[in-house]
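A note on names: the letters A, B, ... follow the listed sequences, proteins ahead of strands, and every chain is numbered from 1. Source: prediction; values computed, not measured.
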There are 2 protein chains.
Amino acid sequence: MLDVRRLHLLRELDRRGTIAAVAQALTFTASAVSQQLSVLEREAGVPLLERSGRRVVLTPAGRTLVTHADAVLERLELAVSELAGAREGIGGPLRIGTFPSGGPAIVPATLAELARRHPALEPMVQEIDSARVSDGLRAGELDVALVHDYDFVPASPDTTVDQVPLLEESMYLATGTVSGTGRVARGEKLAELLGPWAMSPWITARDGTTGHAMAVRACQAAGFQPRIRHQVNDFRTVLALAAIGQGAGFVPEMATTHAPEDVVLTRLPLFRRSKVAFRAGGGTHPAIAAFVAAARTAVGTKGGASP
Amino acid sequence: MLDVRRLHLLRELDRRGTIAAVAQALTFTASAVSQQLSVLEREAGVPLLERSGRRVVLTPAGRTLVTHADAVLERLELAVSELAGAREGIGGPLRIGTFPSGGPAIVPATLAELARRHPALEPMVQEIDSARVSDGLRAGELDVALVHDYDFVPASPDTTVDQVPLLEESMYLATGTVSGTGRVARGEKLAELLGPWAMSPWITARDGTTGHAMAVRACQAAGFQPRIRHQVNDFRTVLALAAIGQGAGFVPEMATTHAPEDVVLTRLPLFRRSKVAFRAGGGTHPAIAAFVAAARTAVGTKGGASP
DNA sequence: CATCGAGCATAAGGTGAGCTTACGCATGAG
DNA sequence: CTCATGCGTAAGCTCACCTTATGCTCGATG
């Protein structure tokens, strides 16, 4: 019988790339991980890893074994979800990850709703980069997370994480009221709307984020390379900068409600989809289901089931 | 993360009924099993067992957890099968269980074929009652087993064991050549064929076997209760007893090839199906696949895939 | 009804699996 | 060249898990 804990290590190695990273993520020493993987390899009777430079990579046999590990761990997650459902009442800690812009907008309303429905639940919120969400979920640091993706930036498919759609918002172009320049958008297509600001400085999210990638690719799709002057994640700051003529930027609908008066907002045919993510198999966990329901109520989603 | 070893114990408890039986099957003490199940229950946070008299029974939550355990263990079995497939060559021990009548007929031919194709394989044959096959498979005492079922005796569905059909034989009625009694079967229906021997003594397999149950139910279906005089599992003995007028008995086609001359054999519209059984998920294991293929060759099955 | 064995749970103690620390070696960056 | 990074092995320690011992309850049996 293969040891599932060792399969878990193999899966993490496949995801994270180095034994040292696995060890750090699971709060072990690298030595322990190395030893356990050696045992797994001996049990398997087939080479699962091979050195590549100073790292290790999985052999084909190792990679197919990871797919089995995914299936097994997903089923175990489903089992704990059902057990939690059998326990009467919803309570205990719930570790919630959120993208930074979800902080002011979605999270408070969701937590308020959640507290009203399930007072015994102890939500623990933590800001986290979208790219690190799936690691955090798998490592058990997070139970559920608010994530989003944009047009032009497809979310990488990850079989270890399930997602439920929460909200779809239009993106807006935020610009200053520059008098006399004649830069006014006409038309409905993205290229027509963005075109007038091809030469303008731009305000985007920080490099390495999906928001940054979205901004660059949207401008490229409109036929130009944006000159990025400011890199700011906070949309209120983006709006404030745009208002004083420091450049053009993208903000989601959610951020437009309290925009400064002297900022010009143009709705774009470009969308941001917010989702709730959790470990594959965890969708039936009552606390997670409750979080999803509360979030939907908070943002006003009209029904709709999982993808 | 639920411990799969403990889930395995819970599954065995569900199947075997008592903690003591589980302990014996897995060569533990009952105390160890009890302790591990207690830990599992604490981890689950839900009562999984409850005392019932001096035994324990699973709660509904416990039983649903067993279905998850089945799924997880099947997937792990599939994983080891694939790993064995990745290892080049087929070899090592293969523990084979067989019903007693398979001993002389099917097993030698199968092993000969197997040895020709895979000399490195070390088959280990062991006679085993049909009723104990699935326990033996799950406990790892057996890797593969020859089993059969009869009309009137449906095999109990068991999700932890997969089966592949191997052979379907007609059953024959074996009787003596009693002169002058006028007991000659006319017709094609079971009742017509068995009817003349309603008052005869009968020779069946030993009580508690599927062969015994089949004989009784076939006679009941024909409208009478058989008076059982002899209980013998060996079909050659059945034929010899029938030949000397000691009663009527059922034998499978396979046993009729070297029947005594003074026995009367009547083909019945009643069938015995032989199958190869193995742990769920084990069908892709190369040694098991090789055994199935060899057995099919040995008995002359014409193709056909799993059920 | 009294007795006894079967079955399970708990307490106490021993042992090995699995962890950490320590160290050596190879690789690739600066 | 030099050094940091990453992996593997050796040695030792700790705790999880198993066994033994014991008690309790239930149900079969005379």
Side-chain angles (χ1 to χ4, degrees), chain A residues 1-59 61-63 65-66 69 73 76 135 139-140, chain B residues 1-59 61-63 65-66 69 73 76 135 139-140:
Chain A
M1 168 102 66
L2 292 169
D3 187 320
V4 174
R5 293 180 63 245
R6 299 194 179 110
L7 291 179
H8 185 203
L9 293 178
L10 188 70
R11 173 170 92 156
E12 290 305 308
L13 177 61
D14 186 42
R15 300 282 191 284
R16 299 179 190 268
T18 74
I19 289 181
V22 174
Q24 190 184 2
L26 306 188
T27 60
F28 285 140
T29 59
S31 174
V33 176
S34 175
Q35 288 176 51
Q36 291 304 309
L37 289 174
S38 294
V39 174
L40 178 63
E41 208 164 7
R42 181 159 53 253
E43 286 175 345
V46 183
L48 300 176
L49 319 176
E50 58 186 358
R51 297 286 302 233
S52 165
R54 57 184 169 185
R55 316 169 63 117
V56 291
V57 296
L58 272 65
T59 63
R63 239 167 294 118
L65 191 52
V66 166
L73 291 167
L76 285 174
D135 282 352
Chain B
M1 168 104 65
L2 292 169
D3 185 321
V4 173
R5 292 179 65 244
R6 298 193 180 112
L7 291 179
H8 186 203
L9 293 179
L10 188 71
R11 173 169 92 155
E12 290 304 307
L13 178 60
D14 186 42
R15 298 285 191 285
R16 299 180 190 267
T18 73
I19 289 181
V22 174
Q24 190 184 4
L26 305 188
T27 61
F28 285 140
T29 59
S31 173
V33 176
S34 176
Q35 288 177 50
Q36 290 305 308
L37 288 174
S38 294
V39 174
L40 178 62
E41 207 165 7
R42 181 160 52 254
E43 286 175 344
V46 183
L48 301 175
L49 319 176
E50 57 187 359
R51 296 288 300 236
S52 163
R54 56 184 171 188
R55 317 168 62 117
V56 291
V57 295
L58 272 65
T59 62
R63 237 166 297 118
L65 190 52
V66 167
L73 291 167
L76 285 175
D135 282 353

In whole angstrom, give the distance that lies between atom CZ of A:R54 and atom P of D:dG8. 14 Å
First encountered from the 5' end of DNA chain C, between A:V33 and B:L49: B:L49
Among C:dA9, D:dC7, D:dC18, the one nearest any side-chain atom of A:V56 is D:dC7
Could you tell me whether the phosphate oxygens of D:dG6, OP1 or OP2, come under 4.0 Å of any side-chain nitrogen or oxygen in A:T18? no
Gap between atoms CD and P, on B:Q24 and C:dA6 respectively (whole Å): 12 Å
Between A:E41 (CD) and D:dG8 (P), how many Å, whole number? 9 Å
Can you check the A:L10 CG to D:dC7 P distance for me, whole Å? 14 Å
With a 4.5 Å cut-off on side-chain heavy atoms, are B:V4 and A:L2 touching? no
Donor-acceptor contact present, side-chain A:R5 to main-chain B:M1, <3.5 Å: no
Check whether any side-chain nitrogen or oxygen of B:R6 sits under 4.0 Å from OP1 or OP2 of D:dC17, and answer yes or no. yes
What is the distance from CE of B:M1 to P of D:dA16, rounded to the nearest Å? 17 Å
Any side-chain to backbone donor/acceptor pair from B:E41 onto B:L48? Under 3.5 Å, distance only. yes
Out of D:dT20, C:dA9, C:dC19, which has the shortest distance to the side chain of A:A32? C:dC19
Any B:T29 side-chain nitrogen or oxygen under 4.0 Å from OP1 or OP2 of D:dT19: yes
Euclidean distance, atom CZ of residue B:R16 to atom P of C:dC8 [Å, nearest integer]: 13 Å
With a cut-off of less than 4.0 Å, is there a side-chain N or O of B:R51 near OP1 or OP2 of D:dG27? no
Which pair of non-hydrogen atoms, one from A:T18 and one from A:L13, has the smallest distance, and what is that distance? C-CD1, 3.5 Å
So what does A:Q35 hit on the nucleic acid, given a heavy-atom distance under 4.0 Å: a base, only sugar-phosphate, or nothing? base
Between the side-chain atoms of B:S31 and the base atoms of D:dT20, is any donor-acceptor pair under 3.5 Å? yes
Euclidean distance, atom CD of residue B:Q36 to atom P of C:dC8 [Å, nearest integer]: 16 Å
In whole angstroms, how far is the P atom of D:dC17 from the CZ atom of B:R42? 11 Å
Using only atom types and a distance under 3.5 Å, with no angle test, would you say the side chain of B:S52 pairs donor to acceptor with the backbone of B:R55? no
5'-most contact on DNA chain C (nearest-nucleotide basis), B:A30 vs A:D3, goes to B:A30
